[in-house]
Amino acid sequence: SLSVRVFENDFTPIADHAISDLNRALSPAVARINVTGDIEKPIIVRHRAGTGRNGGRIDVHIGENASATLIELIESGDGAFHHMGARFTVEKEGALTRSILQNADAGAVAVGLSAVTLSEKATLKQASIGFGGKLIRLETQVNAVGPEVNVSMDSVAMLEDARHADFSTIVRHECPG
């Protein structure tokens, strides 16, 4: 099953990181998505900033033996300052397939931080495609806290003119073995 709830004034940090601190200060609400079984249809999350400052946070929990596909659309208008934060927790033998499509106008700035925690035998498959903007930085931090996790991450940036895109990944193995 799937449940979604929005919590206002939730200042829980995504991670110990400057982007997380910025996002938490500017976006006190968080959308919590809880998955307790196998979800066949993709969950679509649209992060959209027209112009000016805009941002949001999501907290996704994939339960034990559960699975879901999440498609994130990141769209930023010309002159926008767009900030996003996401926390993903995948429990024992759970699976998350995450697709990220980033598209921005040439004058947009977007920064995002995603923290993924994987328990025993959990799986993360992530694919990102970005078209850049004035400055685009999307970072994913993966913490493997259980043994036998499976991680696959791919990204491509298709840039033209003076567009910039930075997809950064940090993977930590915090489990013996």
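Atom CD1 of I62 sits about 11.5 Å away from atom OG1 of T123, to the nearest 0.5 Å. We find the NE2-CZ distance between H83 and R57 to be 10.5 Å, quoted to the nearest 0.5 Å. With values rounded to the nearest 0.5 angstrom, K92 atom NZ is found 4.5 Å from E120 atom CD. Going from atom OG1 of T97 over to atom CD1 of I39 covers 13.0 Å, rounded to the nearest 0.5 Å.
Residues H47 and E72 bring a donor and an acceptor atom of their side chains to less than 3.5 Å of each other. In this structure, a donor-acceptor pair under 3.5 Å is present between the side chains of E91 and H61. Side-chain contact check for T117 and T89: no donor-acceptor pair (N or O, by modelled atom type) lies under 3.5 Å. Looking only at atom types and distance, the side chain of E139 has no donor-acceptor partner in the side chain of S114 under 3.5 Å away.
Counting only heavy atoms from C-beta outward, the side chains of K134 and H164 never approach each other to under 4.5 Å. For the pair L96 and Q126, the minimum side-chain heavy-atom distance is 4.5 Å or more.
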**F88 and L124: CA distance, side-chain angles, deciding distance, side-chain contact (heavy atoms from CB on, under 4.5 Å) verdict** = CA-CA 10 Å; F88 300 92; L124 169 67; over 6 Å; no

**Request:** Go through the steps to decide whether V142 and L118 satisfy the test side-chain contact (heavy atoms from CB on, under 4.5 Å), and finish with yes or no.
**Result:** CA-CA 7 Å; V142 178; L118 300 172; 3.8 Å; yes

**Request:** Might you work through the side-chain contact (heavy atoms from CB on, under 4.5 Å) test for T140 and R98, ending with a clear yes or no?
**Result:** CA-CA 11 Å; T140 301; R98 181 180 183 215; 3.7 Å; yes

**Prompt:** I58 and V30: side-chain contact (heavy atoms from CB on, under 4.5 Å), yes or no, with the steps?
**Reply:** CA-CA 5 Å; I58 60 172; V30 62; 5.6 Å; no

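F131 and Q102 make their closest contact through N-OE1, 3.0 Å (heavy atoms, listed as atom of the first residue, atom of the second, distance). Heavy atoms only, all atoms of each residue included: H82 and S76 are closest at ND1-OG, 2.8 Å. Across G132 and A165, no two heavy atoms sit closer than the pair CA-CB, 3.9 Å. Of all non-hydrogen atoms in S67 and D38, the two that sit nearest each other are OG-OD1, 2.8 Å.
Under the side-chain contact (heavy atoms from CB on, under 4.5 Å) test applied with I100, the options L70, I129, I74, L73 reduce to a single match, I74.
Note: the hydrophobic cluster containing V156 does not contain I136 (ILVMFWY, side chain heavy atoms under 4.5 Å, direct or indirect links). Taking hydrophobic clusters as Ile, Leu, Val, Met, Phe, Trp and Tyr residues chained together by side-chain heavy-atom distances below 4.5 Å, V60 shares a cluster with L2. Clustering ILVMFWY residues whenever any of their side-chain heavy atoms sit less than 4.5 angstrom apart, transitively, puts F167 in a cluster other than the one holding M158. Hydrophobic clustering of Ile, Leu, Val, Met, Phe, Trp and Tyr side chains at less than 4.5 Å, counting indirect connections, keeps V116 apart from I71. Criterion: ILVMFWY side-chain heavy atoms under 4.5 Å apart, direct or through other members. Under it, V4 and V45 are part of a common hydrophobic cluster.
A donor-acceptor pair under 3.5 Å is absent between the side-chain atoms of N143 and the main chain of R172, judged by distance alone.
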